[in-house]
Amino acid sequence: MRILQLHSNYIVYKPVEKEINIAEDAAKEETKVDEVVVLFTAIEEGDNAAMAQKAINDARAFLGKIKANRILIYPFAHLSSNLSQPSQALAIIKDMEAYAKEKGIDTFRAPFGWNKQFTISIKGHPLAEQARSYAPQAAAAAPQEGAPCEAKKEEEPVSAALKAEDTMKSYWHILQTDGSLVPIEEYKFKGKSNLQKFSQYEIKKTRAVTQMPPHVPLMKRLEIADYEPGSDPGNVRWYPKGRMIKSLLESYVSQRVAQYGGMEVETPIMYDFHHPSLSSYLNRFPARQYVLKSEDKELFLRFAACFGQFLMAHDAQFSYKQMPVKLYELTRYSFRREKSGEVVGLKRLRAFTMPDCHAFCVDLEQAKKEFNIRFDLCISVLDDIGLVKDDYEIAMRFTKDFYAENKEFIASIVAKFGKPILAEVWNERFFYFALKWDLNFVDNQDKAAALSTDQIDVENAKRYGIQYVDEKGEKQYPLILHCSPSGALERDIYALLEKAYREQMKGNSPMLPLWLSPTQVRLIPISDKFLDKVEAIAQQISAKCIRVDIDDSSATLQKKIREAEQEWIPYIIVVGEKEIESGTLSVRIRELKGKQEAMTAEQLIAAVQAKIAGKPFKPLPLPMYLSKRPVFHG
RNA sequence: GCCUUCGUAGCCUAGCCCGGUGGGGCGUUACCUUGGUAAGGUAAUGGUCGCGGGUCCAAAUCCCGCCGAAGGCUCCA
């Protein structure tokens, strides 16, 4: 059974013609029902009375939520390609009607078996349109989270939703490293528990424990970021340490994209709601936008870099000789007005920073080649950020046909990755991309969050009028690759904190990668007497682009060490008479669970430099002396 | 948007069920302590108990409304 449920201001319908001989009797007159939840209903093979009751119960629950009590059961065959016998369908429709009346719902019903015409006015609120399916193997559409810019086909809302029902049915498989597809029910997840968790999350949306995600108290305690009650939910404040971490990530990802050949640009963060290229599908999703009014204009805040880059590419002139043309922007910020209940810590924000790199390619061959290069780029960037293959799972999404025609290509990517991945297969292409992959971090609550992603867009060049000149001097539409090599940077920090927490649970010392640690080396003088000498050591180390600070507070030595450990500082050095006289430092190394090793300042510098080679550097974001620092979080 | 839970000092939190002077810890400040690898001592500081209304002799506590937050649901272009 399939039901499209629409909360409507009104519906007017009129039976036009009998379509089947068992059609019910009805007058060919208009009927108008106001303030009603319309249930367009298709009865499928195998449906029964129990299902009818279930459907009505769900509708009742919905009525409760929206504080309404009127439904119209509207037989609507076009929702399914697997309809039951008409006689049976009519019986079930009548069951639904009788049960609904029994439950005290103000129930209307449109006649069965007629070709009807109707006009409907749908309420704009977020819950107004819902589709439900009671087929035994009903599968929901996958979330398209993390995608840089998703646009749907421009069609009437109702028919688009119906089409979605038809074509968006997902078939889930595990794509093995040899390129073969195994239906998910048949796959043995032995030893691949993260993949299993991720698959569960994608398919069933199972929600496990009720608990605050561990990274939230961590981001506060480490003075990285915090909620900002004075803003909108999901717009966070960044303390000096967090700002430095984020800034390093920004520099690093931009540097890697530049090396890859991306040309960095900057585009506006707000766009005209009524621009012809943009307005067509935005109107359908006003609830997700930040909208602002400026004089007589309506503007929306971008949710990805696509708009600016596409408008720029539209006006640019380029030929196959320059392609692939790669544009890059670090969006600070992208805005998505996620529902208040969906915003969580650094995992899901309303304003976030996302690197977004588009490559305009001449054809599928070139796109595939580029896709491959960018796949390696993504994996490598995340690896340097501190997230490795054990930390995430990959999903790839494509149509049956695309798989059939590009099997070797897809197989080569999985083989390169070296781990099985989740595959979502559609019968028909519904989204604008032909192929998409996304990389998903699995957190301590067994929830997944998309980081890197890339996709081959086959539609937007036309939509935005982006053209290149081919060998014959003719204009052609390019394919567009959309890639975010790291995903949202806030989300990378979320993943790093969640990973650190997991390490802690395993009994290891949680920490951030050395190049991202706000303080890399902490010096603790045993007494004020040594402050001058300690500062000399600090100058020596910091001259080599290493972030070093000095705990000159009046706390005891033990307490200073404890506090340094709680700040996850990688190297802690107590300096007293022994060290100053011998020149040998006793370095407490966090990575080795606090083991102390003797080394000179030069040796320490060399060791740190070796570990952070190739990474950007920012100086200490706070005063070197701890006594000069304000406390940002109790 | 719905449901649930929660709003007490910069931070964490007790007290609320069963109404009667709001308690502790961290931090901060001062003084003592200058200590050799995960919490030294003493004192001071800091509260429209989220906001508004009601009940009551009396409200942090009970009732109603509102605001905010978190989690869940739904949703996620």
Side-chain angles (χ1 to χ4, degrees), chain A residues 7 58 61-67 123-132 140-154 160 164 205 207-213 216-217 220-221 223 226-230 232-234 278 280-289 303-304 306 336-345 348 350 430-432 445 447 449-450 509 522 524-531 552-567 569 572-579 586-590 593-596 627 630-634:
Chain A
H7 189 198
D58 287 0
F62 176 74
L63 289 170
K65 280 187 193 173
I66 58 168
K67 299 193 170 70
K123 288 187 186 286
H125 68 79
L127 292 175
E129 305 174 24
Q130 287 185 8
R132 279 203 294 273
Q144 297 303 321
E145 203 167 293
C149 162
E150 309 250 315
K152 285 193 172 185
K153 291 189 175 177
E154 307 165 44
K205 312 286 191 67
R207 309 290 152 132
V209 261
T210 318
Q211 180 210 337
M212 173 123 57
V216 174
K220 296 182 181 192
R221 189 176 66 69
E223 294 192 328
D226 207 343
Y227 296 123
E228 176 49 77
D232 203 34
L278 310 177
S280 53
Y281 58 89
L282 280 175
N283 288 333
R284 282 194 59 200
F285 304 99
R288 290 275 156 173
Q289 248 65 59
F303 48 81
C306 303
R336 297 186 192 182
R337 224 189 48 133
E338 310 289 7
K339 303 252 177 69
S340 59
E342 301 161 352
V343 176
V344 188
R348 191 125 183 227
R350 282 184 172 177
F430 180 73
F431 294 107
Y432 61 84
Q445 295 172 301
K447 295 186 182 180
S509 302
R522 159 117 353 129
I524 303 179
I526 277 190
S527 129
D528 299 349
K529 298 190 288 236
F530 306 113
L531 261 182
D552 61 333
S553 68
S554 67
T556 58
L557 179 63
Q558 275 91 338
K559 183 155 185 183
K560 290 180 185 180
I561 289 166
R562 176 180 152 84
E563 284 176 351
E565 293 286 4
Q566 286 181 328
E567 269 187 63
I569 291 172
I572 302 168
I573 307 170
V574 174
V575 185
E577 209 163 351
K578 275 193 300 192
E579 288 75 19
S586 176
V587 183
R588 191 178 160 113
I589 302 172
R590 185 169 186 81
K593 295 194 181 185
K595 195 175 152 224
Q596 292 170 46
S627 66
V631 176
F632 287 100
H633 186 269

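To find a chain, count down the sequence lines: A is the first, B the second, and so on, and within it residues start at 1.
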Could you measure between the two P atoms, the one in B:rG68 and the one in B:rU29, and give it in whole Å? 35 Å

Can you tell me how far P of B:rC11 sits from NZ of A:Lys220, to the nearest Å? 9 Å

Strictly under 3.5 Å: I want the nitrogen or oxygen pairs between protein and nucleotides 40-44 of chain B, one per line.
| unit_1 | atom_1 | unit_2 | atom_2 | d |
| --- | --- | --- | --- | --- |
| B:rG40 | OP1 | A:Thr556 | OG1 | 3.3 |
| B:rG40 | OP2 | A:Thr556 | OG1 | 2.9 |

Would you kindly compare A:Asp232 and A:Lys578 by the position of their nearest RNA chain B nucleotide and give the one closer to the 5′ end? A:Lys578

If you only use heavy atoms from C-beta on, which nucleotide in B:rA39, B:rU34, B:rU37 is closest to the side chain of A:Ser586? B:rU37

Can you tell me how far C1' in B:rG52 sits from the matching atom in B:rA59, rounded to whole Å? 15 Å

Would you sort out whether A:Lys529 and A:Glu577 count as a side-chain contact (heavy atoms from CB on, under 4.5 Å), showing the intermediate values? CA-CA 10 Å; A:Lys529 298 190 288 236; A:Glu577 209 163 351; over 6 Å; no

Given atom CD1 of A:Ile524 and atom C1' of B:rA38, what is their separation to the nearest angstrom? 10 Å

Distance check, P atoms only: B:rU45 and B:rA69, in whole angstrom units. 35 Å

Whom does B:rU61 pair with, Watson-Crick or G-U wobble, provided both distances fall under 3.5 Å? none

May I have the distance from A:Glu565 (atom CD) to B:rA38 (atom C1'), rounded to whole angstrom? 7 Å

Are A:Arg590 and A:Ile572 close enough, and set up right, to give a side-chain contact (heavy atoms from CB on, under 4.5 Å), and what steps lead you there? CA-CA 8 Å; A:Arg590 185 169 186 81; A:Ile572 302 168; 6.0 Å; no

Pairwise C1' distance, B:rG46 and B:rG23 [rounded to whole Å]: 14 Å

Output the single nucleotide from B:rA38, B:rU37, B:rU34 whose closest atom is nearest the side chain of A:Leu557. B:rU37

Heavy-atom closest pair (A:Ser509 atom, A:Lys593 atom, distance to 0.1 Å) is OG-CA, 4.0 Å

What is the distance from CD of A:Glu567 to C1' of B:rA39, rounded to the nearest Å? 15 Å

Both distances below 3.5 Å, Watson-Crick or wobble geometry, any strand: find the nucleotide opposite B:rA70. B:rU4

Approximate separation, where rounding is to 0.5 Å, of A:Ile573 CD1 and A:Ile589 CD1: 9.0 Å

Name the closest nucleotide to the A:Glu563 side chain, picking from B:rU34, B:rG36, B:rG27. B:rG27

Given side-chain contact (heavy atoms from CB on, under 4.5 Å), test A:Arg522 with A:Lys560 step by step and report yes or no. CA-CA 10 Å; A:Arg522 159 117 353 129; A:Lys560 290 180 185 180; over 6 Å; no

For B:rA60 versus B:rU13, give the span between their C1' atoms, rounded off to a whole number of Å. 14 Å

When you measure from the side-chain N and O atoms of A:Arg588 to the phosphate of B:rG36, is any distance below 4.0 Å, counting only OP1 and OP2? no

Using the P atom as the point on both nucleotides, what is the distance between B:rC16 and B:rC6, in whole Å? 14 Å

Same-atom distance (C1') from B:rG19 to B:rU61, integer angstrom: 6 Å

Nearest to side-chain heavy atoms of A:Ile561, which nucleotide of B:rG71, B:rU37, B:rA69: B:rU37

Which value, rounded to the nearest 0.5 Å, describes the distance between A:Ser553 atom OG and A:Lys559 atom NZ? 8.5 Å

Are any side-chain N or O atoms of A:Glu223 and backbone N or O atoms of A:His633, one a donor and one an acceptor, separated by less than 3.5 Å? yes

Testing B:rU28, B:rU37, B:rA38 for proximity to the side chain of A:Gln566, the answer is B:rA38

Spacing of the P atoms in B:rC63 and B:rG1 (rounded, Å): 26 Å

Applying the Watson-Crick and G-U wobble criteria at under 3.5 Å, what pairs with B:rC18? Answer none if nothing qualifies. none

Any strand, both distances under 3.5 Å, Watson-Crick or G-U wobble: B:rU55 pairs with none

From OG1 (A:Thr556) to CZ (A:Arg562), nearest 0.5 Å: 10.5 Å

Looking at the side chain of A:Val631, which of B:rU37, B:rG27, B:rA70 is the nearest nucleotide? B:rG27

Of B:rG36, B:rA39, B:rG71, the nucleotide closest to the side chain of A:Val344 is B:rG71

Quick one: are A:Tyr227 and A:Lys220 in side-chain contact, heavy atoms under 4.5 Å? yes

RNA chain B: 5'-proximal contact among A:Ser627 and A:Gly576 (nearest heavy atom): A:Ser627

Pair assignment for B:rA39, Watson-Crick or G-U wobble, requiring both distances under 3.5 Å: none

